[in-house]
Amino acid sequence: MVDPIDSRRLAPRKPVPWFAIRPMLGILLRQLYLYRRSLPRWMEIFYWPLLDLLVWGFLTLYLKQGTIHMAGTAKALLGGLLLWDMLYRSQQGISVVFLEEIWSRNLYNMMVAPVTPFHVVFGAMLTGLVKVSLSSSVAIVLAWFLFSYSIFNLGLSLIPFILALVLMGWSLGIMTTALILRFGQEAEVLAWGVIFLFQPVSAVFNPVSVLPGGFRQVAFLVPASHVFEGMRGVLSGKGFPWHDLIWAFLIDIIYFLGALLLFHRVLERARKTGFSLKLGS
Amino acid sequence: MNEGDGLVARNLVKRFSKDRPSAVDNISLSVSRGEVLSIVGPNGAGKSTLIQMLLGLLVPDSGTIHLFGEDVTRHRRRIAHRINYASTDLSLPYSLTVRENLDVFALVYDLPNPRRAVTRILETFSLGDLARIRVGKLSTGQIARLGIAKALLSSPEVLFLDEPTATLDPEAAQEIRVLLQGHVRNSGLGLVYTSHNMREVERLSDRILLIESGRMVAEGTADELCRKFESSDLESVFLKSMSEARESQGITASDQKGSVCG
């Protein structure tokens, strides 16, 4: 048994000074403890500078070629930006739906409900589609008013381009969600960052031909690279990009099936190992 | 009890790791319509694991669970609409109002007339005045009441409640108990219930299952358990039964840090 506290020994403490070091070290220590056990958090520190360097480095290589037509390139850059945003929003649409449920400690309520996890996934896809439609409509209208740029210059090919990108976004969203369910809150950073891993090899702002050898092979396996190559082709007057679109959709289907399989596996594993009620806390 | 009549679980075993003892070790239980079964045990005794298995969200290593004759582990989809669950560990989105939250779940539960079902449950749980209030503005007791209302919205035949009154003051806890007793009596709801509040367990339960370290220690009505452990109330039964169980398993009180008995 511990002795009762002798109140006479408790000398009153002074207020914490404005520039006391220990409280600041406490804040630092809290973060170090967090990072000590979290590979995703460490990756994030190096991830963004590296990806920014690659994206802008490849664009610089493209511009340095000196053979490009500036007006056409400017159009391709804006078109690339608008289409990239659709890919990004559709991925986020899915991931954020699940994160919202985790943050509000509501995900388990959904798991208990008499629905299959795929009702939830397809509900999230629907949500993503609504978000993409809203955000892209605003961006397209603003691009027209502010920069006199119309994405409808892409003609009929615009529709399959958008579909291919949304499908890739959904696939990445489902994969990210599966990883969050598997690894918990640590993997949340993936929801915001995983899409940018694909940006340097998606040829958003520069053609695939600018990429170094190894990157070119990887780019071939990314549906978005075929979409953006097709977009540049249409803008330079090459006609409907059948070849690019077929490849984009073929790879998209593989991504989508892979994502659903991963999601199914994660849930099956959770049924064996237990699903944390406190996920997100 | 017949497997087609309610919930019947036999010889459930669940072990998460080879170098740790089983979280649930050979537990059998049954609950019929209109019956309240309380599962009582110290923290870490295996109550939540057991409930996850009964809900069909966790596969047992061995043993069977049947609900109204259906194998819960293999065919959860066939019976998921007949059960529901609420726990103080869960919440509902704070930024939505009470009504909005219930509207969402009425759709998720695929209820044929969602608006009418929500209005009825709001009335039953005296939540009508709070319908337009955001969940984040509710008191803990009101959130607990909403959680149970959400779980009863789908008119389940068996309801699982994991410590539903754990964070409530005595008055709010009493309100919840009265609501639950009314539902069990009027609708024939089967209730599986965990709580650390022994007086509550005594008042609410038809039968009580005492578990410790994943094993069943005793089962019976409050009176039967009091007689068996020669105690005057359920709290004494709990302390005595847990102590006996640990002695028989060779565990000392100091090995059980964090448990309520010591």
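Below, chains carry the letters A, B, ... as their sequence lines are ordered, and counting in each starts from 1.
Around NE2 of B/H75, the count of heavy atoms belonging to other residues, nucleotides or ligands within 6.0 Å exceeds 12. Atom CZ of B/R99 has more than 12 heavy atoms from other residues, nucleotides or ligands within 6.0 Å.
A/R105 and B/T88 get closest at one heavy-atom pair: NH1-O, 3.6 Å. Across all their heavy atoms, A/A270 and B/L58 have their closest contact at O-CD1, 4.1 Å. The two atoms that bring A/R271 and B/V72 nearest to each other are NH2-O, 4.5 Å, heavy atoms only. Between B/K14 and A/K272, the closest heavy-atom pair is NZ-O, 2.6 Å. Across all non-hydrogen atoms, the minimal contact from B/K150 to A/N109 is NZ-OD1, 2.9 Å. Shown here for B/S91 and A/N106, the closest heavy-atom pair between the two residues is O-OD1, 3.6 Å.
Taking CG from B/L57 and OH from A/Y108, the interatomic distance works out to 4.5 Å, rounded to the nearest 0.5 Å.
Neither the backbone nor the side chain of B/F160 comes within contact range of chain A, judged by heavy atoms closer than 4.5 Å. If you measure heavy-atom distances from B/S154 to chain A, you find no contacts under 4.5 Å at all. With a 4.5 Å cut-off on non-hydrogen atoms, B/R82 does not touch chain A at all.
Highest contact tally toward chain A, considering only B/N101, B/T73, B/V104, B/D110, is held by B/T73 [criterion: heavy-atom pairs under 4.5 Å]. Taking B/L92, B/T49, B/L55, B/V135 one by one and counting their heavy-atom pairs under 4.5 Å with chain A, the maximum is reached by B/L92. In terms of non-hydrogen atom pairs under 4.5 Å with chain A, the most contact-rich of B/D61, B/I79, B/V59 is B/V59.
A 4.5 Å side-chain heavy-atom check between B/F105 and A/M110 finds at least one atom pair inside the cut-off. Residues B/Y109 and A/P114 meet the side-chain proximity criterion, which asks for heavy atoms closer than 4.5 Å.
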